[in-house]
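Notes to accompany the following structure.
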Protein chains: 2
Amino acid sequence: MLSIDQQLEHLRRGTEQIEPAGELRKKLEKSQATGKPLRVKYGIDPTGIDVHLGHTVPLRKLRLFQELGHQAVLIIGNYTALVGDPSGRDQSRARLTEEQVEKNAIDYLKQVAKVIDIQKAEVRRNGEWFSKFSFLDVLSLTSKTTIQRMLERDDFTKRFRAEPSVPIYMHECLYPLMQGHDSVEIHADIELGGSEQLFNLMMGRRLQEIDGQEPQICMTMPILRGLDGNRRMGKSLGNYVGIGEPANEQFGKTMSIPDSLLKEWFELLTDRPAAEIEALISSHPMAAKKTLGKDIVSFYHGAEAAEAAQKEWENRFSKGQDPAEIPEAIVATTDLFEGKINIAKLVAVCGLAKSNSEARQKVTEGAVNVGADRTKITDPKQMIVPEDGMIIRLGSRGIRRLKVQ
Amino acid sequence: MLSIDQQLEHLRRGTEQIEPAGELRKKLEKSQATGKPLRVKYGIDPTGIDVHLGHTVPLRKLRLFQELGHQAVLIIGNYTALVGDPSGRDQSRARLTEEQVEKNAIDYLKQVAKVIDIQKAEVRRNGEWFSKFSFLDVLSLTSKTTIQRMLERDDFTKRFRAEPSVPIYMHECLYPLMQGHDSVEIHADIELGGSEQLFNLMMGRRLQEIDGQEPQICMTMPILRGLDGNRRMGKSLGNYVGIGEPANEQFGKTMSIPDSLLKEWFELLTDRPAAEIEALISSHPMAAKKTLGKDIVSFYHGAEAAEAAQKEWENRFSKGQDPAEIPEAIVATTDLFEGKINIAKLVAVCGLAKSNSEARQKVTEGAVNVGADRTKITDPKQMIVPEDGMIIRLGSRGIRRLKVQ
């Protein structure tokens with residue numbers, strides 16, 4: 001069994017904030033002394049989530065707590081998910097039926113089982129308590145905080161101070177209270193969340209204190225940046241790696257991240273110690289990236305699949321790098337219709353095929369791809385907007401750089 | 001039947017604000033055209049109210065609507081009364097049981113029946129709808145307004161802007177929404193309230209609009225000042241006239257108000273036309289005050305009782321006015337113990353009795369009173385703090401003005 005100091009070292013790795021910082025050691029010591037595992041809470045709203053690597057950052061911390069012998073408590077916000085966005089402004093939060101919410105919950109749990117030990121986790125749906133709340137209970141809950149306190153939440157502060165101010169709907173202030181009350185119901189010792197969750201986690205702390213409980217410790221994780229190296233990983237931004245994606249996809253996507261993300265991804269998505277990460281990155285970024293890709297794929301598909309994914313990627317890309325010199329092909333604007341041209345005609349115009357019919361055949365065979373991301377095009381009728389510098393490839397050797405004039 | 005113009009004149013008399021001003025005529029016209037009475041709402045929380053003249057200002061307006069053929073709808077906030085003050089800061093809003101609340105409601109209705117025609121009024125308890133609210137319903141209700149809008153309420157604005165700011169508890173923001181929702185439930189055409197109620201009444205308007213109803217008109221009444229001529233009439237301030245008080249009490253208290261209140265009281269508590277009020281006050285304030293007293297007593301006890309109350313008052317007070325010249329009596333500070341002296345000794349010291357024992361006897365007989373309000377003192381041991389100018393009377397003739405030195 002790890003010493004408290006060792007446990008703390010693991011728990012602090014890749015963690016943004018622990019609030020209050022000093023209390024985590026006390027909780028761990030108490031747990032060790034009493035033999036009573038800590039109850040570690042992590043909550044999600046089952047609004048239909050494709051779990052991606054960004055979600056796994058707190059989930060991996062939850063898994064770590066499990067490995068240290070503590071009790072993971074997953075809160076499924078099935079009651080809150082029923083609300084949708086009551087003001088109707090956020091179309092993505094449409095009102096779901098109970099059946100849809102439960103289907104989403106089951107689907108979510110299936111995905112999450114790839115990260116944590118779902119058999120050992122306690123799964124609680126917050127409808128269990130909130131469906132029994134009367135208006136009086138809501139009044140009592142809301143009496144436990146003030147408007148002033150609510151307006152301290154970062155996003156609310158910004159909206160309130162903007163000129164003109166951006167509406168903060170009253171029901172939005174109820175969500176942090178609901179999340180906080182979940183902690184009261186399950187007697188959480190620790191709650192995990194993304195860095196933007198700190199306010200909500202602290203609300204849980206406060207409500208537990210009012211209830212006479214020992215308040216939870218709030219642990220926030222950094223937000224993982226996506227493939228673009230810039231914005232947070234998200235489905236709508238298309239910059240994500242889904243944990244359910246095939247090994248080759250996961251590996252290939254990981255290979256496409258900028259070198260600047262390497263340290264962050266290693267730290268948040270693997271168990272490698274800091275010194276090893278440092279050594280890997282400083283010696284050879286491409287090799288480091290392959291190691292990262294294999295680490296990620298191994299976690300979700302096993303070591304063998306990771307090995308195979310790397311080989312497949314090297315076959316497709318490492319060997320298939322574009323030559324240093326690429327012949328130019330001129331596309332006349334007179335060949336375009338409303339700025340577009342179909343791919344088969346483009347292949348012929350570039351001189352990659354002797355005729356339109358040969359070009360059509362090659363496209364149909366899947367031999368043609370375009371652009372930096374090598375988008376394969378198999379429908380000969382697909383319309384393309386040719387641009388200066390765009391690269392078009394046929395098989396492993398045919399290649400042209402377009403010039404539109 | 002009165003013309004719309006005549007109705008408007010009556011309704012506007014003694015009204016502070018009609019919002020929106022132009023729509024009252026339209027509602028009255030529509031009601032006349034369709035023969036459908038307007039639904040006029042007035043709500044109270046049955047927290048144990050001794051109805052006094054201050055409460056009767058909006059109630060008298062409700063009665064006027066009844067006289068004009070409209071439908072009074074009394075909302076008993078029996079659900080909100082159950083809440084008490086959830087934050088526990090306001091001791092006067094202790095949590096009541098359902099039985100207590102219902103007892104208060106019945107008691108309130110009995111009192112109110114002295115002002116409006118309770119038989120013809122529609123009485124609704126808001127527990128009828130709020131007891132069925134789920135947490136989801138509350139979320140939906142709260143989504144209809146914003147924090148920004150809430151902070152426009154005068155008292156909230158003040159508390160928010162104070163340095164340091166005074167907490168605005170979240171549940172306090174739910175009350176205006178509840179009051180507003182009452183209007184949705186009962187399809188109010190008009191809501192009446194005190195001037196501090198405008199925000200809450202406007203919330204009803206807004207919620208009705210969201211619900212697709214024709215929104216209510218908000219009519220606010222001025223706050224009646226109490227016997228002291230300064231602060232709003234209130235039980236806790238002891239400056240009130242209860243509508244359940246005996247005729248003599250009501251008359252006597254009315255006679256004690258400063259002349260500066262006459263116009264306001266006539267306007268808000270009687271039906272006398274403005275010109276007549278003007279004439280009464282300008283000719284002889286004392287006579288005007290007697291008329292006011294008789295008007296008030298007549299309303300609650302009938303004309304005969306009013307006549308009798310006036311006679312009784314004249315017997316007790318008009319003839320018993322203090323003489324223009326009052327002999328001075330010196331009280332030596334050496335006679336005082338910690339600034340006080342017992343009443344019997346004071347009577348003797350002033351020369352109103354020949355001995356302490358005679359003084360004790362007079363006090364016990366009830367012959368002694370002190371101060372501008374002629375407080376009768378019957379316990380000879382009662383300690384008094386003598387002040388310069390304080391008047392002490394014995395029987396109908398003995399009188400002294402104290403001088404402490």
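Note: hydrogens, waters and symmetry copies are ignored here, and every other heavy atom, side chains too, is used. Labels below follow one simple rule: chain letters A, B, ... track the order of the sequence lines, proteins then strands, and each chain is numbered from 1.
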Check your understanding: If you round to the nearest 0.5 Å, how far is CD1 of A:Ile168 from CE of B:Met150?
Key -> 13.0 Å
**Study point:** Proximity breakdown for A:Phe156 and chain B, heavy-atom pairs closer than 4.5 Å
**Key:** neither
Review point. Where is the tightest heavy-atom contact between A:Ile147 and B:Met170, given as atom of each residue plus distance?
Key: CD1-SD, 4.0 Å
Review point. Taking atom CD of A:Glu98 as the centre, does the number of heavy atoms from other residues, nucleotides or ligands within less than 6.0 Å exceed 12?
Key: no
Point to revise | Point-to-point distance, once rounded to the nearest 0.5 Å, from CG of B:Leu174 to CZ of A:Phe135 | key: 5.5 Å
**Study point:** A:Lys27, NZ: over 12 other non-hydrogen atoms inside 6.0 angstrom
**Key:** yes
**Study point:** Interatomic distance, B:Met178 atom CE to A:Leu139 atom CG [nearest 0.5 angstrom]
**Key:** 5.5 Å
Review point. Short question: side chain of B:Gln148, backbone of A:Ser165 - any donor-acceptor pair under 3.5 Å?
Key: no
Check your understanding: Mind checking whether B:Phe160 and A:Phe160 have ring centres under 6.0 Å apart?
Key -> yes
Check your understanding: Where do A:Ser143 and B:Tyr169 come nearest, in terms of heavy atoms and distance?
Key -> O-CD2, 3.1 Å
**Study point:** Verdict with supporting geometry, A:Tyr79 and B:Leu136, side-chain contact (heavy atoms from CB on, under 4.5 Å)
**Key:** CA-CA 8 Å; A:Tyr79 197 77; B:Leu136 290 181; 3.3 Å; yes
Review point. Which bit of A:Leu151 is near chain B, if near means a heavy-atom gap under 4.5 Å: side chain, backbone, both or neither?
Key: side chain
